[in-house]
2 protein chains.
Amino acid sequence: MSNYSVGQIEDFAEIFKALSNPNRLKIFLSLTSCCKPGTVGVIDRDCSVYIGELADEVAVVKSTVSHHIKELKRVGLIKTERQGQKIACWVDPEMVEALHRFFKF
Amino acid sequence: MSNYSVGQIEDFAEIFKALSNPNRLKIFLSLTSCCKPGTVGVIDRDCSVYIGELADEVAVVKSTVSHHIKELKRVGLIKTERQGQKIACWVDPEMVEALHRFFKF
DNA sequence: ACTATAGTTCGACATATATCGAAATATAGT
DNA sequence: ACTATATTTCGATATATGTCGAACTATAGT
């Protein structure tokens, strides 16, 4: 059927679910937009955005952004780290690479 | 924020929603698995699967597969064509290409 | 200790989804 | 016309989701 196991297919389905909400997708793109080409594979925590900024950009309440961030994190698309009062968020380049390969035929 | 318009982001979100159900993703992969590398860009209707076969592969009832096919078609991921009693389904290689580019950073 | 700022958790609500089985429609062969 | 096969539509049901606002927690600065 394909070279992915049932478990892997379910994992990818979860990832696509995380990207299936327009606001969550905007958040994801907002985070990827600060990862320039060539930085794939390099964990670059300087290249990160705070939750409050995301709420402004996407125009939803902070509690909703928090919920979305949790979901993106749960499926492994992003990483977070507390920096003082704020939480820095950035995408995991390896996940993006995996998705890139997923659609390579 | 990113080089995609709000409309485009919403379209991609719809596509990811279509792929967010494990059974629908299995159907999609089942259809892509018969598109060998090099056939991208070529509309190859010989390379297609019927709905009854998909129901067997994915192990859900045919009415459910029909519903999933409709959804995959609605977002443009697949194409269908009646061939006698049966409906042939195949993926649109351009959509796969677009998704491949989406995750290119 | 107090205050301001940032983020999280909770409860509530409305809306969407996946699935099934039964009934309906379409096509092909006799 | 009848029958068998393939697919679609419909109705029902259970479950999941996105969003908000209010209350709560965490951190930093004074």
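Within every chain, numbering begins at 1; the chains are lettered A, B, ... in the order of the sequence lines, protein sequences first and strands thereafter.
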*Asks:* Checking B:R24 side chain against B:A18 main chain: does a donor-acceptor pair fall under 3.5 Å?
*Replies:* yes
*Asks:* Quick one, A:N23 and A:T64 - any side-chain contact, counting heavy atoms below 4.5 Å?
*Replies:* no
*Asks:* Give the cluster check for B:V58 versus B:Y50: same hydrophobic cluster or not, with ILVMFWY residues linked at side-chain heavy-atom distances below 4.5 Å.
*Replies:* no
*Asks:* Provide, to the nearest angstrom, the distance between the CG atom belonging to A:L54 and the P atom belonging to C:dT8.
*Replies:* 11 Å
*Asks:* Among C:dA6, C:dA26, C:dA18, which nucleotide sits nearest the side chain of A:K86?
*Replies:* C:dA6
*Asks:* With a 3.5 Å distance limit and no angle check, can you tell me whether A:S30 reaches the backbone of A:I27 through a side-chain donor-acceptor pair?
*Replies:* no
*Asks:* Can you give the first and last nucleotides of DNA chain D, 5' to 3', that have an atom under 4.0 Å from a heavy atom of chain A?
*Replies:* D:dT17 to D:dA28
*Asks:* Looking at side-chain heavy atoms only, is the closest gap between B:E81 and B:W90 below 4.5 Å?
*Replies:* yes
*Asks:* Roughly, in whole Å, what's the span from CG in A:N21 to C1' in C:dT17?
*Replies:* 14 Å
*Asks:* When you measure from the side-chain N and O atoms of B:R24 to the phosphate of C:dA18, is any distance below 4.0 Å, counting only OP1 and OP2?
*Replies:* yes
*Asks:* For residues A:T80 and A:C89, determine if any side-chain heavy atom of one lies less than 4.5 Å from a side-chain heavy atom of the other.
*Replies:* yes
*Asks:* When you match A:N23 and A:G84 each to their closest nucleotide on DNA chain D, which lands nearer the 5' end?
*Replies:* A:N23
*Asks:* Between the protein and nucleotides 13-16 of chain C, list the N/O to N/O atom pairs that are separated by less than 3.5 angstrom.
*Replies:*
none

*Asks:* In Å, rounded to the nearest 0.5 Å, how long is the span from NE2 of B:H100 to CG of A:L99?
*Replies:* 11.0 Å
*Asks:* Does the side chain of A:F28 reach to within under 4.5 Å of the side chain of B:I9, using non-hydrogen atoms?
*Replies:* no
*Asks:* Rounded to whole angstrom units, what separation is found between the CZ atom of B:R74 and the C1' atom of C:dT17?
*Replies:* 12 Å
*Asks:* Hey, can you tell me if B:F102 and B:F16 have their rings parallel, tilted or perpendicular (30° and 60° cut-offs)?
*Replies:* perpendicular
*Asks:* Are the side chains of A:K73 and A:K79 in touch, meaning some heavy atoms are under 4.5 Å apart?
*Replies:* no
*Asks:* Taking the side chain as everything from C-beta on, heavy atoms only, tell me whether B:E71 gets closer than 4.5 Å to B:R74.
*Replies:* yes
*Asks:* Which residues, if any, of residues 61-71 of chain B bring a heavy atom under 4.0 Å of DNA chain D?
*Replies:* B:K62, B:S63, B:S66, B:K70
*Asks:* Grab the CD-P distance between B:E14 and C:dT17 for me, whole Å please.
*Replies:* 8 Å
